Amino acid sequence: MQKKRPKTEEKLIYEPDLDSPRGKGKFYNLMMFPYLSAEGLHVGNMYAFVGADIYGRKKRMEGFDVFEPIGLDGFGIHSENYALKIGKHPKKLAALTQKHFYKQLESIGNGFAWDERLETYDPAYYRWTQWIFVQMFKKGLAYRKKAKVNWCPKCLTVLADEQVLAPARRPALRRRLRQGESLGEGGGECERCGTMVIKKELEQWFFKITDYAERLLNDLEKIDWSENVKIAQKNWIGRSEGALISFDLKFKNENLKISETIKFIEVFTTRPDTLFGATYIAISPELAKSWLDSGWQAPADVGAFIGECLKAREVPQTDEEPSFAEATAGKEKTGIFTGVYALNPANQEKIPVWVANYVLAGYGTGAIMAVPAHDRRDFEFAKKYGLPIKIVICPHYPEKTCPMLDAAYEGEGHLVGSGEFDGVPSEEAKRKIAEKIGATIKVNYHLRDWLISRQRYWGPPIPMIFCGPPVGGCGWQPVPEEDLPVLLPDVKDFHPTGTDQSPLATVESFVKTKCPKCGGEARRETDVSDTFLDSAWYFFRYPDVKNKKEPFGKLGAKTWLPVDMYIGGAEHAVLHLLYTRFITKVFHDWGLVDFDEPFKKFRAHGLLIKDGAKMSKSKGNVVNPDDYIKKYGADVFRMYLMFLGPFEQGGDFRDEGIAGIARFLERVKKLAKKEWGASADETILHRSVKKISDDIEGLHYNTAIAQLMMLLSALEKMECDRASVKVFLKLLAPFAPFIAEGLWHKLGEKESVHRAEWPTYDESKTRSATATIVVQINGKVRDRFEAETGTGDVELKAKALELPKIKKLIGGKAPANIIVIKDRLVNIVL
RNA sequence: GCGGGUGUAGCCAAAUUGGUAAAGGCGCACGGCUUAGAACCGUGUGGGGAAACCCUUGGAGGUUCGAGUCCUCCCAUCCGCACCA
């Protein structure tokens, strides 16, 4: 049925441009490097790469020195999980797949800088990943702490908060969550395998990304990124401003001995204006536990309740996915009165202190002041336990009477029942009340520190050494920089152990080492670092991949960085894209670079789906790009992908339409063989240059291709000269680099079309000589006529009124109004 | 619940930013070429109606001489976050 097409029509010239300045300045065109996880590149990768390459190719033709590197993100859990699945050692697998990946990457015709490749599992690379860790430790940004962390029962490792995703695959669960039910603490799926994660208390390494929360938030304003990604980051950082308020316990709390050890409770609230309405205090079970630990003698039932809550927050570890009930454990609000009272600092009222399961330990202070009238959760809780509900914010103030609430009122209003503050608008009262009671203003973030340890094999060993008390007792020491890299030892059994320890812990020769400080016997850290650390800095390395003295040279960084355009998937909005911004700011603060945002411009491409569903192996709807490239050639495949729909929106991969593109390119080849005539209508040419230039700039590749099709049809029909065909080929070059190059040479050109100058247009020549003027009566199209472009309003009006059809329809009536839009329309209002 | 996106022919989509709705492609129909088919080329292709015309951008209102585009309220769908005080 289809003709045999050569795989690559012509040999392409790749030029990384590193040594040949072209005058317009540098342009770092980056695309997210692929995970080395499956048999080969996914058609979705191809989609992203082609879209990014078209942009880069145009920039190159415009005269920029374009640096478009590629590499492989092959270290870490994604590659390792694939290795586990097929039962091959990840190191051997990487060597194998690497070749295949690069071959595939070559076949799609991107203008990559082939000499500057990098692989994250190359010791020459991960040496510097480890170096970053060491610097982090030295600068106090890497630390160890015991905490309740996310644990994936299937991957058998801890995960950062960002790597726990909202449950996507279970519609029933989603629906119930949407109706306001909650997941409880620690609910969510592992980013890699989709298993529900659980909470475990473990000591782990963290990076202090929270130190950068404010800057990560504020600097979003100065970067040109896809808006949805910026919003996702903003939400994730989750800044909220409020007050820290202390509730005194220093009075007689009978028989409980609480005030001897705990003198006050501190709460965080964004609504200090509602302080007079605080009718109880609720503390998290974790905080209550710490009270118990410090000697609080709680009633037996309270102690039991605390124990239960803490247990409920851990989801039992099974091979099965937890049931809905398990996943949402703790959603029903429960609590118990502690017997303790606290003093409301606003009105000196004695209010009860409860332990409640709905108070989170990890946010704020782990305790809240409960204002049932103005917080839905407190309202629900107060109703259940018969606690007082006191209205202090009134939405219709002067009337003074607020009706009984059947739900919490969370909006703004004027204060009532708040003593001297009655009548004050709530916004103003926030500050005033905080001031009066001497509360500290505090900013809280949802963002937590980045958990960097992984109990896995395939990653850079964390370059730390522990010198324990029996011998030197120097504590944690970084591996000296000259000893880097800490090579990942070859082990036979790389399976995760599930014992909170990496498989490296079993390699005694690796673990046993000397303390770099005292020289005594010491043990290595056996966890590896998170794969997102590998990818958080790779674009710094590209311009200087061979550097053996430093992670990247000043010259390379100065020449190419920061990245001018970054294209990748939106699924990394709060993962990779957040970590890279953090690392860049850290590098900036260390004086390594003079910018503090890595990507000037970021655009998220859409998702390529198949038959309305996400492509996945289990569904069996994965498209293999190689088959298409083999069958149709890279150019047809590239253009077809880009023609599916708007690049930033993605589309459904149905191959019915590919024939249209194949036909188009066959016609292009015929065009180059055409007999030449004189140059004719320039309008379509200039218009096309304008449209296609603008469309590529805005990543509207689908419409740029449509314009190429129209231009081709026009060129086929008219007498045209070689110059016009050459312009066409230049416009085509970013989309179909092979064919454009081949035809370009057939027309006698020696240099590559990809180094040719991008065509320019004359604005005045984009307009045609005549325009069709639409004549409307009362906004409805009744007739039309041709008029010279630029014809004056008066003349257009006269012409329209003279049209026989219009005359008849008006029937002698006097128009109430006539609106004339130049070169466009005349609207007669009767 | 909060935040963001999307909704246009049979399908993918376009619309100079408030000015002829449906460009371009797929598919389909008819015609040409051909012994025949494939490929290729040409023409047509939202719905109703014999026609004049009327209707049509998820739904209902509104602003305007004029609305796919702006405003209000719904509906559907996708994505991100979520007991964050």
Side-chain angles (χ1 to χ4, degrees), chain A residues 1-3 165-166 168 177-185 187-188 226-236 238-240 242 267-271 274 282 330-331 333 356-360 362-365 367-371 374-378 380-381 410 444-447 570-571 573-574 606-607 640 643-646 648-649 651-661 663-664 666-667 670 687 690-691 694 700 702-710 713 766 772-781 783-784 815-819 821-830:
Chain A
M1 193 186 127
Q2 66 285 329
K3 268 194 252 169
L165 309 179
L177 288 169
R178 226 178 281 139
Q179 283 158 10
E181 291 187 18
S182 86
L183 263 182
E185 246 184 323
S226 298
E227 204 52 36
N228 51 343
V229 170
K230 286 215 248 185
I231 289 165
Q233 292 212 355
K234 202 175 156 188
N235 290 342
W236 185 258
R239 180 185 200 275
S240 63
V267 305
F268 174 74
T269 179
T270 54
R271 295 295 301 269
T274 63
K331 73 179 165 60
K333 288 183 181 52
N357 68 339
Y358 74 97
V359 181
L360 300 176
Y363 188 77
T365 60
I368 59 162
M369 63 176 217
V371 185
H374 306 292
D375 181 285
R376 80 188 69 174
R377 294 150 301 180
D378 301 342
E380 187 189 327
F381 192 83
E410 296 183 319
N444 249 329
Y445 295 95
H446 165 255
L447 182 73
E571 71 273 16
V574 293
L607 196 64
Y640 171 62
F643 194 54
L644 276 174
E648 290 180 85
Q649 194 184 299
D652 203 343
F653 188 96
R654 300 146 294 111
D655 53 10
E656 297 100 59
I658 201 164
I661 297 289
R663 270 199 281 268
F664 165 76
E666 286 308 312
R667 278 164 60 201
K670 276 187 208 148
R687 213 179 263 175
K690 178 181 160 78
K691 173 98 178 116
D694 293 350
H700 305 135
N702 55 334
T703 50
I705 292 171
Q707 187 66 33
L708 277 171
M709 288 170 169
M710 286 196 287
S713 297
T766 61
T772 307
I773 308 297
V774 169
V775 185
Q776 299 181 328
I777 293 178
N778 290 335
K780 294 213 154 126
V781 181
D783 205 356
R784 60 201 66 190
N817 194 6
I818 300 178
I819 283 123
I821 307 291
K822 217 178 199 176
D823 297 339
R824 206 130 289 179
L825 67 76
V826 178
N827 187 13
I828 301 159
V829 186
L830 291 179

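Letters A, B, ... are given to chains in the order of the sequence lines, protein chains preceding strands, and every chain is numbered from 1. What you see is a predicted model, and the numbers here were worked out from it, not measured in a lab.
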Expressed in angstrom and rounded to an integer, what is the separation of [X] atom [atom1] from [N] atom [atom2]?
| X | N | atom1 | atom2 | answer |
| --- | --- | --- | --- | --- |
| A:E410 | B:rA85 | CD | C1' | 10 Å |
| A:L447 | B:rA82 | CG | P | 12 Å |
| A:E227 | B:rG80 | CD | C1' | 14 Å |
| A:H446 | B:rC81 | NE2 | P | 9 Å |
| A:D783 | B:rA52 | CG | P | 14 Å |
| A:K780 | B:rC54 | NZ | P | 6 Å |
| A:M709 | B:rG25 | CE | C1' | 6 Å |
| A:L607 | B:rG80 | CG | C1' | 14 Å |

Inset, instruction - For the residue pair A:Y445 and A:S240, establish whether any side-chain heavy-atom pair is separated by less than 4.5 Å. - result: no
Legend entry - Within-4.5 Å side-chain heavy-atom neighbours: A:I828 and A:V775: yes
Inset, instruction - Mind telling me whether A:Y358 and A:F381 have parallel, tilted or perpendicular rings, with 30° and 60° as the class edges? - result: tilted
Legend entry - Per-nucleotide protein contact string for nucleotides 9-22 of chain B, where B marks a base within reach and S marks sugar-phosphate only (heavy atoms under 4.0 Å, - for neither): ---SSS-B--BB--
Inset, instruction - Assign a letter to each nucleotide of nucleotides 40-45 of chain B from its 5' end: B, base within under 4.0 Å of a protein heavy atom; S, sugar-phosphate only; -, no contact. - result: SS----
Between [N] and [M], how far apart are the two [atom1] atoms, rounded to whole Å?
| N | M | atom1 | result |
| --- | --- | --- | --- |
| B:rA13 | B:rC26 | C1' | 11 Å |
| B:rA21 | B:rU57 | P | 12 Å |
| B:rG42 | B:rU35 | C1' | 23 Å |
| B:rA38 | B:rG46 | P | 25 Å |
| B:rG18 | B:rA29 | C1' | 38 Å |
| B:rA14 | B:rG24 | P | 14 Å |
| B:rA60 | B:rU69 | P | 13 Å |
| B:rU64 | B:rG3 | P | 30 Å |

Give none if [N] has no partner; otherwise give the nucleotide forming a Watson-Crick or G-U wobble pair with it, both distances under 3.5 Å.
| N | value |
| --- | --- |
| B:rG31 | B:rC41 |
| B:rG3 | B:rC79 |
| B:rA23 | none |
| B:rG66 | none |
| B:rC53 | B:rG48 |

Inset, instruction - For atom NZ of A:K234, decide whether the heavy atoms of other residues, nucleotides or ligands shown that lie under 6.0 angstrom number more than 12. - result: no
Starting at [atom1] of [X], measure out to [atom2] of [Y] and round the result to the nearest 0.5 Å.
| X | Y | atom1 | atom2 | value |
| --- | --- | --- | --- | --- |
| A:T274 | A:H374 | OG1 | NE2 | 7.0 Å |
| A:I661 | A:E666 | CD1 | CD | 12.5 Å |
| A:T269 | A:N444 | OG1 | CG | 11.0 Å |

Inset, instruction - Kindly determine whether A:V371 and A:R271 satisfy side-chain contact (heavy atoms from CB on, under 4.5 Å), including the steps that lead there. - result: CA-CA 9 Å; A:V371 185; A:R271 295 295 301 269; over 6 Å; no
Legend entry - OP1 or OP2 of B:rA85 under 4.0 Å from side-chain N/O of A:Y363: yes
Inset, instruction - Starting from the C-alpha separation in whole Å, work towards a yes-or-no answer on side-chain contact (heavy atoms from CB on, under 4.5 Å) for A:I819 and A:V826. - result: CA-CA 6 Å; A:I819 283 123; A:V826 178; over 6 Å; no
Inset, instruction - If the glycosidic angle is within 90 degrees of 0 it's syn, otherwise anti, so just tell me which one B:rU34 is. - result: anti
Legend entry - Residue whose nearest RNA chain B nucleotide is more 5′ - A:M369 or A:N778: A:N778
Inset, instruction - Assess whether side chain to side chain donor-acceptor pair (under 3.5 Å) is satisfied between A:T772 and A:R824, documenting all intermediate values. - result: CA-CA 7 Å; A:T772 307; A:R824 206 130 289 179; over 6 Å; no
Inset, instruction - Can you figure out which of B:rC81, B:rA85, B:rA23 approaches the side chain of A:L165 most closely? - result: B:rC81
Legend entry - Closest to side chain of A:W236, choosing from B:rG80, B:rA82, B:rG4: B:rA82
Legend entry - N/O donor-acceptor pair under 3.5 Å between A:N778 side chain and A:L830 backbone: yes
